[in-house]
Amino acid sequence: MPTDDVRGRSRSPEPPLGTGAPKLIASVLNADLDRLSEVCGEMEKAGLDGIQWDVMDGRFVPNLTMGPATIAACRKATSLPFEAHLMIEEPEKSIEQYAAAGCEYIIVHVEACRHLHRVLDAIVSLDVRVGVALNPATPLEAIAHVTNLIDVLLVMTVNPGFGGQSYIESMEFKIKAARDLMSRWPDEAYLEVDGGISPSTIAGAASAGADWFVIGSALFKHEGGMKGAVNHLRAEVERAPRRSWIK
Ligand code: DX5
């Protein structure tokens, strides 16, 4: 039953991805697209905390991927929470479809929203958790006046559009600044990173202050398989001196 949270939003009290950190969230972008439902079940068995659906429209980013029907078809394959990462123009036109498809988090790009506050408010009204993504060149100031609406701030560590790209290490300055900014927010919001996260880069992102980590290609090319990748990634995060304010 939705209740008013500390920021005055009427929503279900328990965040679907739970509280605390670190969380490892699988991106299906590089998965076997001919057996996505099975892959979702394998991700749950491998110990991932959630699944991110990289939705691309070929306009906001130079790639075209899946839509709400694909997500809905996989919904019954796993109990893991779903994030819809909308790398699309005018996301406000389709947020209801992603909520209806079973996504508990909807992440929109600040660069794709002419009226960001209105879009985030609309997502809150669907009782869906709100994510805002920033491309590498976009400054944190872009979200300065909507912080009260954000549950997940996604700092892209690649330029969006494709999996398998190299981690942009200089984004750790932005991650650090985001961590400092979010430590002043009234309740738990999470700092997520996405792009080039692997056993060799995750510690740097964690040390800079990231809480949640989107993992794509690194899940599918680890010599230990998906479970081996998850164990390796978790070990690397635990090793990193964390700046997160969430213990
Ligand atoms: C970029 C995508 C990817 C994906 C993760 O548009 O958002 O970052 O989720 O892919 P890897 O982990 O292979 O970079």
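Order of appearance sets the numbers: ligands from 1, and atoms from 1 within every ligand. Numbering starts at 1 and runs along the sequence shown.
- Of all atoms in ligand 1, listed by their number and element, those nearer than 4.0 Å to a heavy atom of Pro160 are 1 (C), 6 (O).
- Distance check: Lys23 NZ to Ile25 CD1 gives 8.5 Å after rounding to the nearest 0.5 Å.
- Under the 4.0 angstrom criterion for non-hydrogen atoms, Ala218 is not in contact with ligand 1.
- Between the side chain of Lys174 and the main chain of Pro136, a donor-acceptor pair closer than 3.5 Å is present.
- For atom 3 (C) of ligand 1, the closest non-hydrogen atom of the protein is Asp194 OD1, 3.5 Å.
- Proximity of Phe162 to ligand 1 is established by a heavy-atom distance of less than 4.0 Å.
- Relative orientation of the His85 and His109 rings is parallel, given thresholds of 30° and 60° on the angle between their planes.
- Under a 4.0 Å N-O distance rule, the pair Glu42/Arg35 qualifies as a salt bridge.
- Closest to atom 10 (O) of ligand 1, if we only count protein heavy atoms, is Gly163 CA, 3.7 Å.
- Glu104 has a carboxylate O that lies under 4.0 Å from a charged side-chain N of Arg75, or vice versa, which qualifies the two as a salt bridge.
- The one candidate from Val193, Leu134, Thr147 that meets the side chain to side chain contact (heavy atoms under 4.5 Å, CB included) condition with Leu153 is Leu134.
- Ion pair Asp121/Arg118 not flagged as a salt bridge, since none of the NZ, NE, NH1 or NH2 atoms sits closer than 4.0 Å to an Asp/Glu carboxylate oxygen.
- Ranking the protein heavy atoms by distance from atom 12 (O) of ligand 1 puts Gly216 N, 2.9 Å first.
- Considering every non-hydrogen atom in both Thr157 and Ile175, the closest pair reads CG2-CD1, 4.3 Å.
- Atoms of ligand 1 lying under 4.0 Å from at least one heavy atom of Met56, given by number and element, are 6 (O).
- The Gly164 neighbourhood of ligand 1 comprises atoms 11 (P), 13 (O), 14 (O), with distances under 4.0 Å to a heavy atom of that residue.
- Within ligand 1, counting atoms from 1 as listed, the ones closer than 4.0 Å to a heavy atom of Ser27 are 4 (C), 5 (C), 9 (O).
- Residue Gln52 has at least one heavy-atom neighbour below 4.0 Å for each of these atoms of ligand 1: 9 (O).
- Counting protein heavy atoms only, atom 14 (O) of ligand 1 is closest to Gly196 N, 2.8 Å.
- The aromatic rings of Trp212 and Tyr190 sit parallel, their planes meeting at an angle under 30°, below the 60° perpendicular limit.
- Against a heavy-atom cut-off of under 4.0 Å, Gly195 is close to the following atoms of ligand 1: 8 (O), 14 (O).
- For atom 13 (O) of ligand 1, the nearest protein heavy atom (residue, atom name, distance) is Ser217 OG, 2.5 Å.
- Looking only at protein heavy atoms, the nearest one to atom 6 (O) of ligand 1 is Gly161 N, 2.6 Å.
- Checked by atom type and distance alone, the side chain of Asp57 pairs as donor or acceptor with a backbone atom of Phe60 at under 3.5 Å.
- In terms of N/O distances under 3.5 Å, ligand 1 is approached by Asp54.
- Annotation: Ile197 places no N or O atom under 3.5 Å from an N or O atom of ligand 1; distance criterion only.
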